[in-house]
Amino acid sequence: MSSDDLSGQGENYESIQRDSLWRDEHQMEESAQLIHFLVLGLICGLILRELNKKTNIPYSPMILALGLAIGLSQEYLGKIGNSAYILSKMHPHLIVFIFIPVLLFESAFNCDWYTFKYQIINILLLAGPGCGWGAILLGACFKLILQYDDNDMNWYEAFTLGSVLSATDPVAVVALLKELGANPAFNHLIEGEALLNDGVAMVLFNVFNNISKASSGKGEAVNGGDIVLTFLRTSFLGPIMGLVLGLLVALWTKRILGDDIEVTWLTFVFTYFTFYWAEFEFFETSGLLAVVGLGLFWCANAKTRIRASVEHSVHAVWGFVQYSCDTLVFLLVGIIVGIEIMEEKLIESSDYYKMIGFYFLMILARFLMVLTFYPFLKCFGYPISKSELIVLVYGGLRGGLGLTLSLMVGCDEDLPARFRHLAVFYAAAMALITNMINGTTCKTLVKCVKMIDEPIVKKKVYKKYLEELIVIQQDLVKELETDEFYNMTDWATVSNLIGQQDFIEKIDKVEQDIKHIIQKKGFQEMIYDGLPNQDIFGEVRYRVYRILKGLYYHKYEEGLCEEQTVKMLVESSDVGLDKLNDNLEIWDELYKNFMNLCSVNFFFKVKQKFLIGYFAREYLIRHLGLVYDVTSSFIICAEEALKLANNFPMNKEAISIIQEELKKDIEKAQAYFGTLNGNFPEIVRVLQTKKASFSILTHSIEHLSSTQRRGLIDDKEYKILIKDINMKLVKLESHSYDMSLPSFHVIAMQFPIFQEISLTDLDIIKKVAVERKYSLGQVIYSKGDECNEVYIIMRGYVVNEYNGILITKGLGSLITHQSLIVDGNHMSTAKAAVESLLYALPTKVIKEIMIRNKDFEFKVYLHSIEYIRKWYENQVGPLAQMELKRLNELLRNKSRLIKLTTLSQTEFINGGFLFSGELRDPKNNVYNKYDYIAPTEGLFTAANNSTCFVFDEQIEVLQSKRMKELKLDSQRDQEIHEKYSEIKRNSMMELSKINIT
């Protein structure tokens, strides 16, 4: 082989080596500059974010304007300009593939599912046929009004551009409406429309674009059938696929507890996986709609699998990602449009005039679109008012997706050049104008059309909050003044820095607003504190909703209800807070989220079927578990709120009217709860088992966390124990429950009332128990009848009635045991509310066991209190006002059951309760059965044989603590107002001294 050949081979070898390993240093520098530019873009975004806080100029148009400025001046910006130019050549599909899935998922994931679900018909109307109708109207505007001929765009191209411009992005408007306190339901309508019409607009864009290309001979021929199939495939298969993958994610998340990294990463991975698989693999359907389906499924179901500590991290990360993507999308689109404007040669001067006219035509077209569906929007979901219709039309801003779609048109060389440039021109112009004009003036419009009518009650409550804030600040100032470490503090400067005078001025302004509203509306009837009749009812309802929210959260913190439960309950109160002038309808609001009982019956019947049975059982446990938890929690909290309302420092007549409204809600909930117990005892037993296990485990976690915060347990042991409990929670979710209901003889030992008795006595009960069946409405026993039997409910539910007061009992309850403590006659009348199965136990046998077993006897008396305190409310004193759970806890741990013979004596230093007999206090006052005995010094004497509870702790003290905990002291509002008045006087005196000086 010659040297030339060797030399040639050597050069070829070096060339091969350079091709596989060599990297261009110049390209590496360009890559670094691009990253540097994107980082600078995010920094500029942070600066504009701060500017937005101070000026209220919408964030999105500022970023878009910044991008336009960079694009227009990129030739003069050196390396930054070069980086901007490189980015401007990015294919718009990359923007869709990288940024849009994240933005759509984040928006869907963070929406309020309950409000969204109730608004779903209105949202679908606007985002589906509304988006299509809007695209047709906009296309007609281009051809018929702006007179663009076929050389500019044909009809199909006009509809393609109409599709591009039909996608809304009202981020700035939604943020503004939330700030102004608009109805959350209306906010969800605007946000939900934007969420779904992004995907629909993309589908319409592809359909019209394909038709346009086919009509010009540059694309595949299409017929009507192809168009319909394509539309159906992309519109419906995408969301279905998103839901299916969402189910897989939910099952995966079910196995994760306490790992925020894995949960967050899971959301990211499946967001992109869903988009790409739908867009390119699964029948090439709509990836954007698939991501929306995934996000909504997470919002409705999978999100409930995420514990609160992890959920905060997930939302924080997604908030950062959403902000970064939103910033970069508007920045990149602005740059691309700016550079295109500089290089533009196909836009004529007349197009600028037409563009201005089109802005008004676009608003008119949206008005016609919304008006077309307005009759339906008033019928479904939360009906929108005329003022909301105006804001809905005006708030349809154009944003990132429309700009991106226009750029996709712009780079499609199969389309005419003139049309491609017009598409980018109009999309960029409408995005800029709607964000700069509509986004910044929407606040003024909202006030002009009086869309948000803030009632006097909210202003009055806001005023009280401000007064309380000032008083709290001043109390802390006085406390710090006595601290030696603050001896040299300049308290005048502190007062200025904490803005005390600003708060006082705000209170004065609110007072003036209240007076102005009352004078303007000319109210005649005033029944409380200068408030109109309607607004005093509103204030009582406001306080009821506020107390309920506090009770819901307290119940959650104690581990007595799940996260999803407290969210649904709080949401029902939030909805009510926006409708203070309407009657309380809390239960109706909650019931909207429940599956109807017919559907539950269907799942119950197929729960043992092959394959479908597993999913039926899982759904029954999950859905009915939530329903059971929500219903029971609402009943408990509403009953306590009903009693606490008596402490409102307000007109008692108004309070009683609102209490009647709340009682109706409680009665509806109790009826539904009874239906659950009566129709599905097998499931109720499973739900109670699961709920009890969950409550104990979550309470254990709270206890461990509290112990760790106090430094009483090492981190190592803490982590081991927490991990162990988390694993038990995972097993709890996947545990397979037996859905059959055992017989009475098998389950008797598990009844709480019988857990204190011996096995011998339990065998006696099993032998003497007799099965009794009762039909709907059949009387089980009547008031005054001799009590020869007590009853255990095995199926169905029973209503006890005494003088119009009803108490409902279901599966596992012992009824008539309150008759065991009196003279042997029934105290009430009991009827079967549904077909019921009861087991009758002879009273004689139960009383014999009570004599032998003092713990069982104590439990019978303890359970009797629930009935007695309702039926003899005027006698039982503070026992009637206490939450049943707290009362039982007090009696169980802080009371003694004693029996007194004639003339024997005892003390009631902390109070007590008399079940039977007659007592006389040191002043010879007489106490009869069912009387509450207030804390008293001295000895009480039994006039005859008596049975009573003696308390070891005063109920009044516990109630006072509870009232302070809930901020319901009867004198609290007055004390705060008096303190505030004094602070205000002192402040005015200080200002006078400064002015004189």
Side-chain angles (χ1 to χ4, degrees), residues 601 604 670-686 688 739-757 759-802 805-850 853 856-857 859-860 863-864 866-868 871:
N601 272 314
F604 189 75
Q670 288 174 334
Y672 184 82
F673 194 67
T675 303
L676 283 180
N677 277 287
N679 294 347
F680 310 105
E682 300 91 341
I683 298 178
V684 168
R685 182 168 180 262
V686 170
Q688 290 179 350
M739 283 199 176
S740 61
L741 189 65
S743 67
F744 173 81
H745 299 83
V746 174
I747 202 175
M749 187 62 184
Q750 298 179 15
F751 290 133
I753 193 72
F754 293 147
Q755 287 183 357
E756 306 295 336
I757 66 176
L759 292 176
T760 303
D761 287 337
L762 186 62
D763 287 337
I764 294 173
I765 289 174
K766 291 178 180 179
K767 290 177 182 178
V768 299
V770 178
E771 182 180 295
R772 299 276 173 80
K773 293 181 179 180
Y774 296 90
S775 58
L776 171 64
Q778 184 176 351
V779 175
I780 301 171
Y781 55 81
S782 298
K783 179 182 177 182
D785 290 350
E786 186 177 358
C787 180
N788 296 318
E789 296 175 328
V790 295
Y791 302 89
I792 286 279
I793 303 174
M794 282 296 294
R795 183 182 293 274
Y797 68 102
V798 174
V799 177
N800 274 284
E801 186 270 333
Y802 174 85
I805 301 172
L806 305 179
I807 296 179
T808 303
K809 288 294 175 181
L811 176 66
S813 298
L814 175 68
I815 59 174
T816 69
H817 62 280
Q818 72 278 8
S819 300
L820 294 169
I821 67 174
V822 291
D823 54 8
N825 293 329
H826 287 294
M827 298 171 64
S828 62
T829 298
K831 293 181 180 179
V834 296
E835 290 188 3
S836 303
L837 173 65
L838 282 70
Y839 275 81
L841 311 173
T843 303
K844 180 181 178 182
V845 173
I846 300 299
K847 285 191 173 182
E848 289 174 354
I849 296 175
M850 289 172 64
N853 190 321
F856 176 64
E857 181 185 35
K859 188 170 283 189
V860 169
H863 283 246
S864 301
E866 178 184 357
Y867 296 83
I868 293 171
W871 292 341

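Note that the coordinates shown come from a computational prediction; the quantities given were computed from them, not determined experimentally.
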Inter-residue atom distance E801.CD - W871.CH2, 0.5 Å rounding: 9.0 Å
Which pair of non-hydrogen atoms, one from I807 and one from E866, has the smallest distance, and what is that distance? CD1-O, 4.1 Å
Quick one: NE2 on H826 to CD on E789, what's the gap to the nearest 0.5 Å? 8.0 Å
Ignoring hydrogens, what is the shortest heavy-atom contact between P842 and V768? Give both atom names and the distance. CD-CG2, 3.6 Å
Please name the pair of heavy atoms, one in K783 and one in M827, separated by the smallest distance, quoted to 0.1 Å. CG-O, 3.7 Å
Side-chain H-bond candidate by donor/acceptor type, Y781 with N800, under 3.5 Å: yes
Show the nearest heavy-atom pair for residues S836 and G796, with the distance to one decimal. OG-CA, 3.6 Å
From I764 atom CD1 to I757 atom CD1, the distance as rounded to the nearest 0.5 Å: 8.5 Å
Quick check: are there more than 12 heavy atoms from other residues, nucleotides or ligands sitting under 6.0 Å from CD of E835? no
Run through L841, I765, L838 and flag the one making a side-chain contact (heavy atoms from CB on, under 4.5 Å) with I792. L841
CG on L762 to CD1 on I849, rounded to 0.5 Å: 8.5 Å
Look up atom OG1 in T843 and atom CE in M850, then write down how far apart they are to the nearest 0.5 Å. 10.5 Å
Name all residues meeting the side chain to side chain contact (heavy atoms under 4.5 Å, CB included) criterion together with V779; count only those two or more places apart in sequence or in a different chain, and write none if there are none. S782, T829, K831
To check you understand the geometry: which heavy-atom pair defines the closest contact between K773 and L837, and what is its length? CG-CD1, 3.8 Å
Would you name the heavy atoms of Y867 and H863 that are closest together and state the gap between them? CD1-O, 3.7 Å
Pairwise distance CD(Q670) to NZ(K809) - rounded to 0.5 angstrom: 10.0 Å
Could you tell me which residues satisfy side chain to side chain contact (heavy atoms under 4.5 Å, CB included) with L776, sequence neighbours excluded, listed by chain and number? none
Check: F673 and T808 side chains under 4.5 Å, non-hydrogen atoms: no
